Protein chains: 2
Amino acid sequence: MVRQKTQIRKIENLAARQVTFSKRRRGLFKKAQELSTLCDIDMALIVFSATGKLFHYPSSSMNQVLERHRLQSENVGELQQPSREMQIECRKSAMLSKELAEKALELRQMKGQDLQGLDIKGLDKLEAILDSGLVEVVKTKGERMLKEISTLKKKEAQLLEENAHLKQQLAMMDTSIGQMGIHDQCCDHHSLELTISSLSSRVPPQNYHISSSDTCLKLG
Amino acid sequence: MVRQKTQIRKIENLAARQVTFSKRRRGLFKKAQELSTLCDIDMALIVFSATGKLFHYPSSSMNQVLERHRLQSENVGELQQPSREMQIECRKSAMLSKELAEKALELRQMKGQDLQGLDIKGLDKLEAILDSGLVEVVKTKGERMLKEISTLKKKEAQLLEENAHLKQQLAMMDTSIGQMGIHDQCCDHHSLELTISSLSSRVPPQNYHISSSDTCLKLG
DNA sequence: GGGTCTATGTATAAATA
DNA sequence: TTATTTATACATAGACC
């Protein structure tokens with residue numbers, strides 16, 4: 001029953017803390033209200049309970065007061081409410097920038113630039129990495145080229161076969177036309193392409209695969 | 001002198017109002033502080049004086065509390081735009097992420113990984129870059145090593161000279177002691193170090209530079 | 001504006017419901 | 001949680017510096 005002099009430090013007892021919060025919060029809001037009325041001033045009071053509940057007292061509109069505070073802070077130079085997301089985003093950006101800078105330096109060093117920052121040990125390590133990278137790249141390139149060569153050879157064989165086939169067809173055509181007594185200039189087949197194109201409409205089953213011959217033979 | 005029960009209405013007397021504002025403001029901030037401490041809660045108190053002066057009490061960071069209030073308001077229904085800065089920051093992050101991913105891939109490829117995405121031309125280009133990088137690194141390493149070797153040789157010469165000097169001093173000491181008729185066991189100098197350390201207290205001027213011999217000969 | 005003093009009004013800790 | 005009670009700590013009006 002005897003009231004003690006209140007120590008201003010966190011009340012450890014949860015129940016007591018909640019009771020005190022409830023009482024003092026009311027008191028505080030009352031005081032705020034009184035100050036606002038008595039002295040005719042704008043103010044904002046925002047309180048969060050431990051359970052996350054929000055209490056606020058706005059003398060005028062809360063937003064107006066907050067906006068006014070924001071502007072004032074800006075003028076004073078303090079950065080304005082950067083918002084948690086903003087801070088997170090900024091930190092993220094900073095981290096990414098740092099990583100990017102590191103990777104960029106690593107890349108430049110692998111390309112033989114900016115080596116002044118490395119000691120002999122570092123250079124040796126870099127050399128080893130480049131060596132193994134180079135080995136891997138050369139190996140992969142070799143495999144890729146072998147594969148390409150084999151593919152191209154297959155295509156060549158296929159085309160040769162196709163070609164032979166077409167020539168055979170041509171010869172047969174020639175014979176038939178000869179038997180029909182027609183000796184036209186267009187059938188002198190001084191040009192293979194011309195002959196093929198003029199035949200294509202008449203012998204569709206045989207012109208398959210011709211379009212696949214556009215594969216180009218590029219070798220670095 | 002007799003205190004009246006305070007009427008909660010605007011104090012018309014300017015001076016009295018200002019005095020009351022000053023006093024009650026302090027009281028309010030004190031109460032806010034106490035509540036915050038006692039109940040371990042976040043709060044914000046913002047007060048503008050009639051002259052436009054800003055006072056605020058943030059239990060944690062003011063910005064944090066305001067942000068929390070903003071979020072809470074948002075949840076209630078007022079959604080606010082994500083702010084231009086936020087959008088800019090997000091775009092920045094996205095760009096950085098993209099760049100980082102590109103650089104990381106380039107790096108992995110230079111290390112001989114993730115090569116499946118490259119065609120023969122790309123592999124060839126990569127090989128050229130690795131080649132020139134390697135050349136540069138090896139060159140730089142060679143230069144660095146030559147320099148190191150020359151430095152070390154210089155140091156070696158210096159140390160040899162120093163050594164010779166010390167041996168000479170020793171011999172002289174030996175002679176002097178011999179002439180003084182002292183033939184102590186400690187003067188058999190079966191250990192150079194022992195002899196030097198036992199002499200150092202007697203002949204301080206000659207022990208300079210001994211500590212410089214801790215230079216180690218590390219080569220990558 | 002700020003500090004001090006004093007009398008007195010007010011807030012609130014603790015107990016209780 | 002909130003309300004009431006009571007004793008007491010605290011805040012502050014008014015006066016003065």
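Values reported hereafter were calculated over all heavy atoms of this structure, with side chains retained and with hydrogens, waters and symmetry mates removed. Computed from a predicted model, the values in this text were never measured in an experiment. Proteins come first, then strands; the chains are lettered A, B, ... in the order of their sequence lines, and each starts at number 1.
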Partners meeting side chain to side chain donor-acceptor pair (under 3.5 Å) with Arg24(B) (sequence neighbours left out) = Glu34(A)
Of all the choices, dA3(D), dG3(C), dA11(D), which nucleotide is nearest to the side chain of Arg26(B) once you look at every atom?
-> dG3(C)
Within residues 7-24 of chain B, find the residues that approach DNA chain D with a heavy atom at under 4.0 Å, and present them sorted by residue number.
-> Thr20(B), Lys23(B), Arg24(B)
Hits for side chain to side chain contact (heavy atoms under 4.5 Å, CB included) against Ala171(B), two or more places apart or cross-chain, chain-then-number order -> none
Atom-to-atom span, CG of Leu38(B) to P of dA14(C) - whole angstrom = 11 Å
With sequence neighbours excluded, residues passing side chain to side chain contact (heavy atoms under 4.5 Å, CB included) with Leu14(B) = Arg17(B), Gln18(B)
Return all side-chain donor-acceptor pairs below 3.5 angstrom for residues 125-139 of chain A, not counting sequence neighbours, or 'none' if the list is empty.
residue	atom	partner	partner atom	Å
Glu127(A)	OE1	Lys141(B)	NZ	2.7
Ser132(A)	OG	Ile129(A)	O	3.1

How many Å lie between CG on Leu35(A) and P on dA11(C), as a whole number?
-> 13 Å
Can you check whether Lys30(B) has a side-chain N or O nearer than 4.0 Å to OP1 or OP2 of dA11(D)?
-> yes
Starting from P on dA11(D), measure out to CG on Leu28(B) and report it in whole angstrom.
-> 12 Å
Listed by chain and number, what are the side chain to side chain donor-acceptor pair (under 3.5 Å) partners of Lys10(B), not counting sequence neighbours?
-> Asp40(A)
Atom-to-atom span, NZ of Lys31(A) to C1' of dT12(D) - whole angstrom = 7 Å
Considering residues at least two apart in sequence or located in another chain, which fulfil the side chain to side chain donor-acceptor pair (under 3.5 Å) criterion with Asp114(B)?
-> Arg108(B)
Just wondering, are more than 12 heavy atoms of other shown residues or ligands nearer than 6.0 Å to CD in Gln113(A)?
-> yes
Report the stems of DNA chain D as range-with-range entries sorted by first number; a stem here is at least three consecutive pairs, Watson-Crick or G-U wobble, both distances under 3.5 Å, and write none if there are none.
-> C:2-17 with D:2-17
Residues in side chain to side chain donor-acceptor pair (under 3.5 Å) with Lys30(B), at least two apart?
-> none
